[in-house]
Amino acid sequence: MSTTPAVSARQAWRQLMRAGARVSGGPTLPTRQQPQHQLRQCQAAFARQASSLAASTSRRATARFSSSSSSSSSSVLRQPLARRTYSSGPKPPPRTSGNQQIKFWPFLIVIAMGSGGYMLLVSRRKDMPPNADSKAGSDATPAFSPDDVTVLFVLGGPGAGKGTQCARLVRDYGFTHLSAGDLLRAEQERPGSQYGQLIKDCIRNGEIVPMEVTIALLENAMRATLDKTADKKARFLIDGFPRKMDQALKFEEVVCPAKLVLFYDCPEAVMEGRLLERGKTSGRADDNAESIRKRFRTFVETSMPVVRHYEAEGRVVKVDATPPPDHVYSDTREKLRKALGDKF
Ligand code: UDP
Ligand code: MG
């Protein structure tokens, strides 16, 4: 009776040895060669271990574990699941550079937005015509005093006859005639001028040359005239300028306030006829049908607001420029006498 268990044990040992299982040393691994009951024992043990681990980890970890709890799950068990995937394991080394990037980005964005906004403000202010406030606040003094220098702006559409009337006023009253268009054409032809091409393009397209160029040319010409006089006094007819509000305000702010505006009013159809006639001999790049059309548009859209601005201030002397030149001239003299006195 007492040997039976020993025989059974020996038989079991042999069976195990035959099956190639290791009795001592390492963990018993469930293999296909193991006897069926041992395999079941191992699987039960694995299942117990699995359920205790699963209880201490998340549902997802449990699902992963269960799905791999066959033969290949042994290595998974030897290496605790949570250590590989979850925070209970050793923490990974800190990613210093990544953390720094995340901390610095908001500052960089704030600095970039601030700088961009500032540059936008500066560039917009540069294009803005100075308003009454900025003029009052600025310490810019005009280059010439109206006590020494008299300025009359002469305005009117292209072909209204400004040049013709100015020549007569020069002859009879000693004005100095400065045509903005003539000054620009001279600058365009001056060898080495950095504005030559720009002026050429603007004139052909009936567009207005940037005011800095025109104002600088006018101021230089005025200074050259004054330098030649003994008493440093002079009277100027500034013809074809200002053609835009910003030019008007800037000129009066930095060069000299104007006494009044002489405005030659003329219908487009009359002006067009004169310009096409003049174009036969003038050699001007803008005395052609296409340029004339563009010049009319610029005059209506951009230059007429200047006339209206001065009209609202009561500084405009308006003359009908439709009749022949002599008629227009006598009308001009009469109106200027009324505005400036007999000895203007
Ligand atoms: N121009 C300009 N700014 C001025 C005056 C003239 O840009 O203050 C340019 C503009 O392209 C204009 C051209 O010069 O169309 C010719 O001007 P001008 O006064 O000679 O023409 P007008 O009006 O006498 O026909
Ligand atoms: Mg002219």
Side-chain angles (χ1 to χ4, degrees), residues 129 151-170 175-190 193 195-222 236-252 254-256 258 261-268 270-307 309-310 319 321 325 328 332:
V151 167
L152 305 190
F153 290 146
V154 184
L155 297 181
K162 304 179 294 288
T164 306
Q165 299 301 320
C166 284
R168 294 172 186 222
L169 289 167
V170 167
F175 282 100
T176 299
H177 176 218
L178 298 178
S179 158
D182 288 349
L183 289 170
L184 287 168
R185 279 183 284 272
E187 176 64 18
Q188 174 194 311
E189 298 305 326
R190 188 174 64 81
S193 168
Y195 304 112
Q197 192 56 47
L198 173 74
I199 294 169
K200 198 173 189 170
D201 293 342
C202 285
I203 288 182
R204 197 179 40 245
N205 292 319
E207 289 164 2
I208 292 165
V209 176
M211 67 173 174
E212 289 77 9
V213 178
T214 316
I215 290 175
L217 291 172
L218 286 169
E219 187 179 341
N220 289 346
M222 289 169 76
F236 295 98
L237 295 171
I238 298 194
D239 165 5
F241 178 96
R243 280 174 136 89
K244 201 176 170 187
M245 262 327 289
D246 62 353
Q247 292 183 333
L249 297 169
K250 198 72 182 170
F251 182 92
E252 293 205 271
V254 303
V255 182
C256 187
V261 174
L262 188 53
F263 171 51
Y264 289 103
D265 192 18
C266 194
E268 252 181 39
V270 176
M271 295 193 287
E272 187 183 21
R274 290 178 188 170
L275 289 172
L276 290 173
E277 190 59 34
R278 186 176 78 181
K280 290 176 185 165
T281 54
S282 71
R284 273 178 55 163
D286 57 351
D287 280 346
N288 59 77
E290 165 119 29
S291 296
I292 289 167
R293 201 169 33 80
K294 291 176 179 170
R295 289 158 73 192
F296 283 159
R297 194 170 60 223
T298 302
F299 178 72
V300 170
E301 291 173 1
T302 315
S303 307
M304 271 313 286
V306 177
V307 176
H309 164 80
Y310 285 112
V319 177
V328 176
T332 302

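Counting starts at 1 for both ligands and their atoms, following the listed order. Only this structure's heavy atoms are used, side chains among them; waters, hydrogens and symmetry mates stay out.
Taking every non-hydrogen atom of Ile208 and a distance limit under 4.0 Å, the qualifying atoms of ligand 1 come out as 7 (O). The atoms of ligand 1 that sit less than 4.0 Å from any heavy atom of Arg185 are 16 (C), 20 (O). Heavy-atom proximity to Gly240, at under 4.0 Å, picks out these atoms of ligand 1: 4 (C), 5 (C), 8 (O). Within ligand 1, the atoms closer than 4.0 Å to a non-hydrogen atom of Pro158 are 23 (O), 25 (O), numbered from 1 in the order shown. Remark: ligand 1 atoms within the under-4.0 Å shell around heavy atoms of Phe241 are 8 (O). Listed by atom number, the atoms of ligand 1 under 4.0 Å from Ala180 heavy atoms are 4 (C), 5 (C), 8 (O).
Atom 18 (P) of ligand 1 has its nearest heavy-atom neighbour, among Lys162, Arg284, Arg204, in Arg284. Of the listed options Lys200, Met211, Lys294, Arg243, Arg243 places a heavy atom closest to atom 5 (C) of ligand 1.
The only member of Leu198, Asp246, Ile199 that meets side-chain contact (heavy atoms from CB on, under 4.5 Å) when paired with Pro210 is Leu198.
Residue contacts with ligand 1: Asp239 is placed with no nitrogen or oxygen under 3.5 Å of a nitrogen or oxygen of the ligand (distance criterion only). At a 3.5 angstrom cut-off on N or O pairs, Glu207 counts as close to ligand 1. Remark: ligand 1 and Thr214 share no N or O pair separated by less than 3.5 Å (distance only, no angle test). Considering backbone and side-chain N/O atoms, Val209 comes within less than 3.5 Å of an N/O atom of ligand 1.
Between the side chain of Thr176 and the backbone N or O of Phe236, no donor-acceptor pair lies under 3.5 Å. Distance alone, capped at 3.5 Å, places no donor-acceptor pair between the Arg204 side chain and the Ala285 backbone. Of the possible donor and acceptor atoms, none in the side chain of Lys162 sits under 3.5 Å from a partner among the backbone N and O of Gly240. Put simply, the side chain of Gln247 gets close to the backbone of Arg243: a donor and an acceptor are under 3.5 Å apart. Counting only distance, with no hydrogens or angles, the side chain of Lys250 and the backbone of Val255 share no donor-acceptor pair below 3.5 Å. Using modelled atom types, one side-chain atom of Thr332 and one backbone atom of Val328 make a donor-acceptor pair closer than 3.5 Å.
When only non-hydrogen protein atoms are considered, atom 2 (C) of ligand 1 lies nearest to Leu184 CD1, 3.4 Å. Taking atom 25 (O) of ligand 1 as the reference point, the nearest protein heavy-atom neighbour is Arg295 NH2, 2.7 Å. Of the protein's non-hydrogen atoms, the one nearest atom 14 (O) of ligand 1 is Ile203 CG1, 3.6 Å.
Taking a 4.0 Å cut-off on heavy atoms, Ser179 fails to register as neighbouring ligand 1. Contact annotation: Arg278 has at least one heavy atom less than 4.0 Å from an atom of ligand 1.
In Lys294, the NZ atom is crowded: over 12 heavy atoms of neighbouring residues, nucleotides or ligands sit closer than 6.0 Å. Few gaps surround CZ on Phe299; more than 12 heavy atoms of other groups in view lie less than 6.0 Å from it.
Neither the backbone nor the side chain of Thr298 comes within 4.0 Å of ligand 1, counting heavy atoms alone. Neither the backbone nor the side chain of Asp182 has any atom closer than 4.0 Å to an atom of ligand 1 (non-hydrogen atoms only).
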Quiz item: Would His309 and Val306 satisfy side chain to side chain contact (heavy atoms under 4.5 Å, CB included), going step by step from the backbone distance to the final call?
Solution: CA-CA 5 Å; His309 164 80; Val306 177; 5.5 Å; no
Quiz prompt | Derivation of the side chain to side chain contact (heavy atoms under 4.5 Å, CB included) call for Phe263 and Met304 | solution = CA-CA 10 Å; Phe263 171 51; Met304 271 313 286; 3.9 Å; yes
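Here Phe251 and Phe153 bring their ring centres to under 6.0 angstrom of each other.
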